[in-house]
> 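My questions all concern the structure below.
Here is how names work: the chains are called A, B, and so on, in the same order as the sequence lines, proteins then strands, and each is numbered from 1.
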Number of protein chains: 2
Amino acid sequence: MTATSQPTDAENLLRLEHQVCFALHNASRAFGAIYRDALKDLGLTYPQYLAMLALWEHGELSVKRLGELLRLDSGTLSPLLKRLEAAGLVKRERSAQDERSVLVSATASGAALREQATEVPLEVARRTGFDVAEMRELRGLLGRLTDRLDAAGVAQEC
Amino acid sequence: MTATSQPTDAENLLRLEHQVCFALHNASRAFGAIYRDALKDLGLTYPQYLAMLALWEHGELSVKRLGELLRLDSGTLSPLLKRLEAAGLVKRERSAQDERSVLVSATASGAALREQATEVPLEVARRTGFDVAEMRELRGLLGRLTDRLDAAGVAQEC
DNA sequence: TACTACTGAGTTGTGCGCAACTGAATTGTG
DNA sequence: CACAATTCAGTTGCGCACAACTCAGTAGTA
């Protein structure tokens, strides 16, 4: 570090960028800890919970479509869905129209879990004491950031 | 969704917080993809890069102190540090004062990597095109959120 | 001093995330 | 029609994150 000179705008920017990325990483993990605890009665991890939310909301989904909704590829989804299937929450079957595609849907017991799952966001909200306006603002910032990062990630191939 | 009735406050809140956590998760992964690409020439992952940043800034650190700085426990740090040691970037030795403690420091080659690493945040900044005001705001929101989540996680034990 | 409690690092096991790959089914094109 | 290119799901391998545990070293206490 140059002790005598003022930090330049560029240096401040780099520092800020690093702090934002690290803060994002930490906030995501801290949130994970809250959900891990709130979800342990259901026997679900957070990614499994997201998959069930998608199936509850949309009904039957192909692995591909589910991956688009959750931003996950088959390398992550296939084993996750196998675990949900082993737990009896989900059914998988090849599509008759396109034999490459696998259709995933909640079983009766998976659908029944939805009732119990409504407690989860209530519990999370209770424990975190959210400020609605702040969360709305945060969501907006995160959405814009993710869009820009995705664009930067794709643009790299040019 | 009940098409005829207004969503209740509870439904709004739940919907909102679900999106925030998911948005956080996605933004963190999108950032990870950018860093993964920017770091591949250095042969470092993002968590390894964070560990090197801490060692460059503070010099020799115990595993415990490093874990406090990065918010990681020995279950994550021990194998990570072993990989950095195998790559020749880091040295580990038992403390003479307290034989339980292991002191970690950058080797000559680890220190040399610092020069090359200065390109990383430049590359990330170039590709993401940050809005400084937005990033500053995001950092603040994320910090407050993490504090609240940590407090909620610890408070659970009461 | 002996005994207990605690601390710090490491190990094991599980699940997520991602890259790289395989293999089967489908689509497009000559 | 035949053959190449593409699509979709799954597998393998690696690293991170975390819980639960072990073990050695240290500190506190009767």
Side-chain angles (χ1 to χ4, degrees), chain A residues 22 25-37 39-40 43-51 61-68 70-87 90 92-104 150 153 156-157, chain B residues 21-22 24-37 39-40 43-51 61-68 70-87 90 92-104 150 153 156-157:
Chain A
F22 188 48
H25 192 63
N26 287 333
S28 183
R29 290 197 290 143
F31 232 135
I34 300 291
Y35 270 97
R36 199 168 9 263
D37 193 63
L39 286 167
K40 68 174 190 294
L44 293 177
T45 65
Y46 182 65
Q48 289 167 6
Y49 170 69
L50 289 179
L61 288 171
S62 69
V63 173
K64 176 181 170 57
R65 182 73 189 114
L66 188 56
E68 287 167 358
L70 304 183
R71 304 170 61 99
L72 293 171
D73 65 5
S74 69
T76 301
L77 273 180
S78 288
L80 185 152
L81 292 171
K82 279 178 74 173
R83 283 187 284 272
L84 288 178
E85 189 178 40
V90 141
R92 290 192 298 166
E93 48 188 353
R94 290 268 156 199
S95 164
Q97 283 70 39
D98 186 339
E99 290 282 341
R100 292 170 303 181
S101 181
V102 167
L103 300 175
V104 186
D150 281 348
Q156 141 216 186
E157 276 133 41
Chain B
C21 184
F22 187 44
L24 205 51
H25 192 60
N26 287 334
S28 182
R29 289 196 292 143
F31 232 134
I34 300 291
Y35 269 97
R36 200 170 6 263
D37 193 62
L39 286 168
K40 69 172 189 294
L44 293 177
T45 65
Y46 181 64
Q48 288 167 7
Y49 170 69
L50 289 178
L61 288 170
S62 69
V63 173
K64 176 181 170 59
R65 181 73 189 115
L66 189 56
E68 287 167 358
L70 304 183
R71 303 170 62 99
L72 292 170
D73 65 6
S74 69
T76 300
L77 274 180
S78 288
L80 186 152
L81 292 171
K82 279 178 74 173
R83 282 186 285 272
L84 288 178
E85 189 177 41
V90 141
R92 290 190 299 165
E93 49 187 353
R94 290 269 156 198
S95 164
Q97 281 71 39
D98 187 341
E99 290 282 339
R100 292 170 303 180
S101 182
V102 167
L103 301 175
V104 186
D150 281 348
Q156 143 217 183
E157 275 133 41

> Does L80(B) reach a base, just sugar-phosphate, or nothing at all? Heavy atoms under 4.0 Å.
sugar-phosphate

> Could you tell me how far apart R92(A) (CZ) and dC8(D) (C1') are, to the nearest whole angstrom?
13 Å

> Heavy atoms, side chains only, cut-off 4.5 Å: are F22(A) and F31(B) in contact?
no

> Among dA9(D), dC18(D), dA9(C), find the nucleotide with the atom closest to the side chain of S101(B).
dA9(C)

> If I take atom CD in residue E85(A) and atom C1' in nucleotide dG10(D), what distance separates them, rounded to the nearest angstrom?
13 Å

> Rounded to the nearest Å, what distance is computed from the CG atom of residue L50(B) to the P atom of nucleotide dG15(D)?
17 Å

> Locate the shortest heavy-atom distance separating K82(B) from R92(B); write the atom from each residue and the value.
CG-NH2, 3.1 Å

> Identify whether the distance between the nearest side-chain nitrogen and carboxylate oxygen of R65(A) and E68(A) falls below 4.0 Å.
yes

> For L81(B), run the side chain to side chain contact (heavy atoms under 4.5 Å, CB included) check against V104(B), V102(B), T76(B) and tell me which one passes.
V104(B)

> Is it true that a side-chain atom of R94(A) and a backbone atom of R100(A) form a donor plus acceptor pair closer than 3.5 Å?
yes

> Name the closest nucleotide to the S78(A) side chain, picking from dG17(C), dA9(D), dT11(C).
dA9(D)

> To the side chain of Q48(B), which of dG8(C), dA17(D), dG15(D) is closest?
dG15(D)

> Nearest to the side chain of L72(A), which nucleotide is it out of dC18(C), dA9(D), dC18(D)?
dC18(C)

> Please compare R29(A) and G75(A) by the position of their nearest nucleotide in DNA chain D and report the one closer to 5'.
G75(A)

> Look for any protein N or O under 3.5 Å of an N or O in nucleotides 22-26 of chain D and output each such pair with its distance, or none.
residue: dG25(D); atom: N2; partner: R100(B); partner atom: NH1; Å: 3.0
residue: dT26(D); atom: OP1; partner: E99(B); partner atom: N; Å: 3.1

> Pick the nucleotide of DNA chain C nearest each of A33(B) and P47(A); which residue has the one closer to the 5' end?
P47(A)

> Atom CG of D73(A) and atom C1' of dG17(C): how far apart are they, to the nearest Å?
8 Å

> Given that R36(A) and R65(A) both sit by DNA chain D, which one's nearest nucleotide is further toward the 5' end?
R65(A)

> Touch check for S74(A), heavy atoms < 4.0 angstrom, all strands: base, sugar-phosphate only, or nothing?
base

> Could you state the atom-to-atom distance from CG of L103(A) to C1' of dG10(D) in whole Å?
16 Å

> Under a 4.0 Å threshold between the charged nitrogen and the carboxylate oxygen, would D98(A) count as salt-bridged to K64(A)?
no

> Would you kindly give the CZ-to-C1' distance between F22(B) and dG17(C), to the nearest whole Å?
14 Å

> Return the value, rounded to whole Å, for the distance between atom NE2 of H25(B) and atom P of dC18(C).
8 Å

> What are the two closest non-hydrogen atoms of L84(A) and A51(A), and how far apart are they?
CD1-CB, 4.2 Å

> Determine the interplanar angle of the Y49(B) and Y35(B) rings, folded into 0 to 90°, and report it as parallel if under 30°, tilted if 30 to 60°, perpendicular if over 60°.
tilted

> Ignoring backbone atoms, test whether K82(B) places a side-chain nitrogen or oxygen under 4.0 Å from the OP1 or OP2 oxygen of dT11(C).
yes

> Atom OH of Y46(B) to atom C1' of dG15(D): distance rounded to whole Å?
16 Å

